[in-house]
2 protein chains.
Amino acid sequence: MSDKAVSGSPTLEDVARAAGVSRATVSRVINGIRNVDPAIQDLVRRAVEATGYVPNRAARSLVTRRADSIALVLSGAGDDERDLAPDEAEGDVFTDPFFGRIASGVVGFLRPRGMHPVLMLADSADARQQVVTHLRQGHTDGAVVVSTHAKDPLPERLAAARVPVVRFARPPRPMPVSYVDLAHQDGARLAADHLVARGCRHVVTIAGPLDVPASQDRLTGFRDAMARHGHPYVPTAEGNFTQDSGERAMARLLAQEPALDGVFAANDLMAAGALHVLREQGRDVPGQVAVVGFDDSSAARASRPALTTVRQPVEDMAGEMARLLLDRIAAPEGRPTSVIFDPSLVVRRSA
Amino acid sequence: MSDKAVSGSPTLEDVARAAGVSRATVSRVINGIRNVDPAIQDLVRRAVEATGYVPNRAARSLVTRRADSIALVLSGAGDDERDLAPDEAEGDVFTDPFFGRIASGVVGFLRPRGMHPVLMLADSADARQQVVTHLRQGHTDGAVVVSTHAKDPLPERLAAARVPVVRFARPPRPMPVSYVDLAHQDGARLAADHLVARGCRHVVTIAGPLDVPASQDRLTGFRDAMARHGHPYVPTAEGNFTQDSGERAMARLLAQEPALDGVFAANDLMAAGALHVLREQGRDVPGQVAVVGFDDSSAARASRPALTTVRQPVEDMAGEMARLLLDRIAAPEGRPTSVIFDPSLVVRRSA
DNA sequence: CTGAAAGCGCTAACAT
DNA sequence: ATGTTAGCGCTTTCAG
């Protein structure tokens, strides 16, 4: 391998000279354009090898007007700033077990294609503006955005700026944006079926924040399925997807329905909170009470007993987001697309 | 705000025309170069405003030969591929609670400076080569690298390629690379002092993998401090920083030292594992056994009882890595630097 | 203190 | 099928 420093990198010109052809021809070979004599192609490739040539991305971008890179943006708070210290606000987003899986899926898809995502955080009005500007300038060709809050204005703003965007999760209000999502209702049904099959008669549920479509779907799906099983009424407490809120919700439910023998929580963190409260109250899980979570996050495996949970294939979904985005960048005029993934039940100890 | 599409973005030329000056002058103003008549500066700034001009980064990079962006690379497995499915291997790295905090710190530092990190994952030989190539090409000006395994060859390779690099944690073998680290021994001492002050007489410790310098330091620091407190012998079991390994280690120690009344685990995940095993064995925490973790990760707050732990200011450390890297990029010939942070004790329920 | 002009390395018409 | 040529938008000597 050549040991040339970045500064004196060989250019197209050098390769052309070495191969005895023109820059244009080398460019064609490099970019895999047909209409080049196979013999010459070989010649060029050999010259590339010999010179240790690597294309200069800035030069290429300048003329193609494409950055050949995409942004992975985590979009936090809503319209108003929250009164957290910046550190906390950030920790909030990145600490979510989801984030790692999303990043993993996106990177996993991009890497074989020689691309890497640019990580951006949009947790304040300023930050959001910065993201929009960045994208509009073409520093990145598009964005995969994960909003942690229901009415995050960013995706709509980006779409309005004609920036290719793919969201994680269906938007709260219909808007012309591509997205990837899960069949939440089916997932909730999986949980209901499992609980009923186990013989649970007094089932309760801890819902997520109801302004989030996913929470709504999980709740609706669960209630519908329970109703079909002959349980038209399911005591419900609302949480906000944190472990603490799960604990509080569980305590309320326990007071309201002391005879409960089954719990479905809308995510694993809240399920873990429920587990703690149940143990504190001396209820054996899964002996006396069965608990089912949602997501199959690391929290599900870390809990004791380990959580039976509805798996959301987040990595695959994130990879698909990247795929949709690249498609869209290649054909900007297409209509928004959406892909819905199927959940599956992962049975562990808790139910 | 102007609604111009990316395609027709105003250029320096446009601004120059609007301001009635030359491109060069506008460029000087934009780049904050002195020697420009204040009146003209104002004129130009107004023109920038009016036209909605934003510099084209590709064009700028082409001439300055700087990308104005850095890479955040997570470097996984050692020299050999591990026999995990790609998904697992990735999940592995990104799932680590550390990752989110690192990302948060780096982004927090970069964002006010208008920069965003490019996220790269180097968990196989191929991936590492890709990272090196990417950096050598100048797509990014340098890298902040976090190695999850002891003898990750990447930092050394990058340094050899004369790419500016800052590591998280002191390298296992001395090498000319800047890094940011924690005073692990001091942290361990904090834990020891706390346990002894609480009245613990039979203290054991769960160490991290001993080929990692941080694990060594924590163990050494803990033993030394305990010795100073009159406890020359501390039963020890080695884990690998996972919760499972913490459970196994705790079980072994319990068998070896049934009368134990204090546990120091080298990270929170292992401490959480210890908590589970202690509860299973009917030991009350903190009543009969006090448990102290390390890191102050989300796991510490999620545990029940919540973990008393040695806090590692990861976000600050990550921000500092970014700062050191930018300094180094600005002055590539300087000598490697290192910054050591102080740990602190966070007292919660477990001890 | 400001302007003119020369590229940075590459792609994409347009010729041939 | 290959070569010639004209920029992409910006920074940076070098003159003035």
Side-chain angles (χ1 to χ4, degrees), chain A residues 4-45 47-48 51-69 114 133-134 136-139 141, chain B residues 4-45 47-48 51-69 114 136-139 141:
Chain A
K4 282 210 176 207
V6 171
S7 54
S9 277
T11 74
L12 258 198
E13 185 75 50
D14 298 325
V15 179
R17 195 164 23 232
V21 299
S22 74
R23 284 211 310 270
T25 300
V26 178
S27 175
R28 288 183 185 110
V29 174
I30 302 256
N31 294 299
I33 292 177
R34 297 169 301 281
N35 294 350
V36 177
D37 188 308
I40 295 200
Q41 286 196 32
D42 245 52
L43 208 59
V44 170
R45 261 189 273 278
V48 167
T51 53
Y53 171 78
V54 240
N56 176 317
R57 206 188 255 187
R60 180 181 284 174
S61 283
L62 184 56
V63 41
T64 60
R65 306 173 149 272
R66 302 226 287 98
D68 273 322
S69 90
T133 302
H134 189 100
R136 284 236 340 241
Q137 279 183 248
H139 290 338
D141 301 322
Chain B
K4 281 211 177 203
V6 170
S7 53
S9 277
T11 74
L12 259 198
E13 184 75 50
D14 298 327
V15 180
R17 197 165 21 230
V21 298
S22 74
R23 285 211 307 270
T25 299
V26 178
S27 176
R28 289 184 185 109
V29 173
I30 303 257
N31 293 298
I33 292 178
R34 297 169 300 282
N35 294 350
V36 177
D37 187 307
I40 295 199
Q41 287 195 30
D42 246 52
L43 209 59
V44 170
R45 262 188 273 277
V48 167
T51 52
Y53 171 78
V54 241
N56 176 316
R57 206 187 255 186
R60 179 179 287 176
S61 284
L62 184 56
V63 38
T64 61
R65 320 192 125 253
R66 302 226 287 99
D68 272 322
S69 93
R136 284 235 342 238
Q137 280 184 248
H139 290 336
D141 300 322

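Chain naming here is simple, since letters A, B, ... match the order of the sequence lines and numbering starts at 1 in each.
- The side-chain heavy atoms of T11(A) and N56(A), taken from C-beta on, include no pair separated by under 4.5 Å.
- In this structure, N56(B) places its CG atom 17 Å from P of dG9(C), rounding to the nearest Å.
- Residues Y53(A) and I30(A) have side chains in contact (heavy-atom distance under 4.5 Å, counting atoms from C-beta outward).
- Note: CZ (R17(B)) to P (dC10(D)) measures 12 Å, nearest angstrom.
- One can place CZ of R65(B) at 6 Å from C1' of dC8(C), the figure rounded to the nearest angstrom.
- In this structure, V36(A) and R28(A) approach most closely via the heavy-atom pair CG2-CB, 3.9 Å.
- Within the 4.0 Å cut-off from OP1 or OP2 of dG3(C), at least one side-chain nitrogen or oxygen of S22(B) is found.
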Take nucleotides 11-16 of chain D nucleotide by nucleotide from the 5' end and write B, S or -, depending on whether a protein heavy atom sits under 4.0 Å from the base, only from the sugar-phosphate, or from neither. BBB---
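- Atoms OG and CZ, on S9(A) and R136(B) in that order, are 7.0 Å from each other to the nearest 0.5 Å.
- In this structure, the nucleotide among dG3(C), dG9(C), dG3(D) sitting nearest to the side chain of V21(B) is dG3(C).
- Not one N or O on the side chain of S27(A) forms a donor-acceptor pair closer than 3.5 Å with the backbone of R23(A).
- Residues R60(A) and N31(A) form a side-chain contact, since some pair of their non-hydrogen atoms from C-beta on lies under 4.5 Å apart.
- Per the geometry, CD belonging to Q41(B) stands 10 Å off P belonging to dC1(C), to the nearest Å.
- Rounded to an integer number of Å, the gap from CG of L62(B) to C1' of dG9(C) is 6 Å.
- Note: CZ (R57(B)) to P (dC8(D)) measures 22 Å, nearest angstrom.
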